[in-house]
Amino acid sequence: MKRELYKNPDKMVNKEVKKLEKEGWKTMDLPIGKQLERTWEKEFQLDDDGYPKYIYVTTQATSQNYSAAQMEAENLAKVRIVSTISSSVAALADIALENHEITPDQAASMSAATEKAKVLVSGKLGRVITTLSIYKQDKNAYTIRTTVLYDMKQAINLLRDAICNNVPENDKSKINEVIGMDSLINQYENSNSEE
């Protein structure tokens, strides 16, 4: 999609808007096309170091009223943001273990700390950037689809700090080395390019 988006962004937006409207999606915010433009612009935005500036997820939730569905979709998005980074941490731990950079005990400690940290960090994410919020109404239920973005480096720092607070003191420096900022961002990018 990236290549098509760069070739003719207006055509891609119009095509996606038609598809979404045909599926019954509506908006109470900006027109769907403007929301898509804003979403895609931010998804491809890079920071000063050339890394993706934002981590993003699209979620969907259904409830009997619009507000509850919207809140549920945003909360689910926060959990998925943290889970995505946690998956990158787990992959880095596996690689470090295979390369004998950490011991099996350190890997187990890191894994347990990551699970605890996921709950803590999703509650600490705070305000996220919502770039897409569309809905469908079926009988007595609203389904909300939302795309949420959060600053990549800030999310990684929150998770890394939470992990390091939950491992033995003598393991902190080694684990901090394994889950360095560059390593985590590269792992995240690699896992996203495989999808």
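We number each residue from 1, following the sequence as shown.
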How long is the span from the [atom1] atom in [X] to the [atom2] atom in [Y], to the nearest 0.5 Å?
X: E37; Y: W40; atom1: CD; atom2: CH2; result: 8.5 Å
X: E74; Y: R127; atom1: CD; atom2: CZ; result: 9.0 Å
X: T84; Y: R80; atom1: OG1; atom2: CZ; result: 8.5 Å
X: R160; Y: N157; atom1: CZ; atom2: CG; result: 5.0 Å
X: I32; Y: K19; atom1: CD1; atom2: NZ; result: 12.0 Å
X: M110; Y: L97; atom1: CE; atom2: CG; result: 10.0 Å

Taking the six-membered ring for Trp, are Y150 and Y54 closer than 6.0 Å centroid to centroid?
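Ring centres of Y54 and Y150 not closer than 6.0 Å.
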
Do R38 and L30 pass the side-chain contact (heavy atoms from CB on, under 4.5 Å) test, and can you show the C-alpha distance, the side-chain angles, and the key distance before you say yes or no?
CA-CA 10 Å; R38 181 175 60 179; L30 290 172; 3.8 Å; yes

Using a 3.5 Å distance criterion without hydrogens, assess whether the side chain of [X] forms a donor-acceptor pair with backbone atoms of [Y].
X: D47; Y: G50; result: yes
X: N99; Y: E101; result: no
X: T143; Y: T62; result: no
X: E98; Y: I95; result: no
X: S109; Y: D105; result: no

Do [X] and [Y] share a hydrophobic cluster, counting only Ile, Leu, Val, Met, Phe, Trp and Tyr and linking them when any side-chain heavy atoms are less than 4.5 Å apart?
X: W25; Y: L132; value: yes
X: L159; Y: Y56; value: yes
X: I156; Y: Y51; value: yes
X: M12; Y: V17; value: yes
X: M71; Y: V79; value: no

Salt-bridged, [X] to [Y], with N to O below 4.0 Å?
X: D151; Y: K53; result: no
X: K118; Y: E115; result: yes
X: D29; Y: K34; result: no

Please find the pair of heavy atoms, one from [X] and one from [Y], that lie closest to each other, and give the distance.
X: L20; Y: R145; result: CD2-NH1, 3.3 Å
X: L76; Y: Q60; result: CD2-O, 3.9 Å
X: P52; Y: M152; result: O-CB, 3.7 Å
X: E43; Y: L149; result: N-CD2, 4.1 Å
X: A69; Y: S63; result: N-CB, 3.6 Å
X: Q35; Y: S133; result: OE1-N, 2.6 Å

Apply the side chain to side chain contact (heavy atoms under 4.5 Å, CB included) test between T114 and each candidate in I163, I85, V121; give the one that qualifies.
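By the side chain to side chain contact (heavy atoms under 4.5 Å, CB included) criterion, T114 pairs with just one of I163, I85, V121: I163.
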
With a 4.5 Å limit on heavy-atom distance, are the side chains of I81 and V148 in contact?
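Yes; the side chains approach each other to less than 4.5 Å.
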
Validation row: K11, N14 side chains within 4.5 angstrom (heavy atoms):
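When only atoms from C-beta onward are counted, N14 and K11 do not touch, as no gap falls below 4.5 Å.
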
Within the supplied structure, the quantity of interest is the number of heavy atoms (other residues, nucleotides, ligands) at a distance under 6.0 Å from E23 CD; does it exceed 12?
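Yes - once you tally the heavy atoms of other residues, nucleotides and ligands closer than 6.0 Å, there are more than 12.
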
N140 atom CG: more than 12 heavy-atom contacts under 6.0 Å:
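Open.
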
Could you check whether T147 and T131, counting side-chain N and O atoms only, form a donor-acceptor pair closer than 3.5 Å?
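The answer is no; no qualifying pair exists.
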
Does either side chain, that of T146 or that of Q70, offer a donor lying less than 3.5 Å from an acceptor on the other one?
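No.
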
Between Y135 and Y66, how do the two ring planes meet: parallel, tilted or perpendicular, split at 30° and 60°?
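Plane angle over 60°, so perpendicular.
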
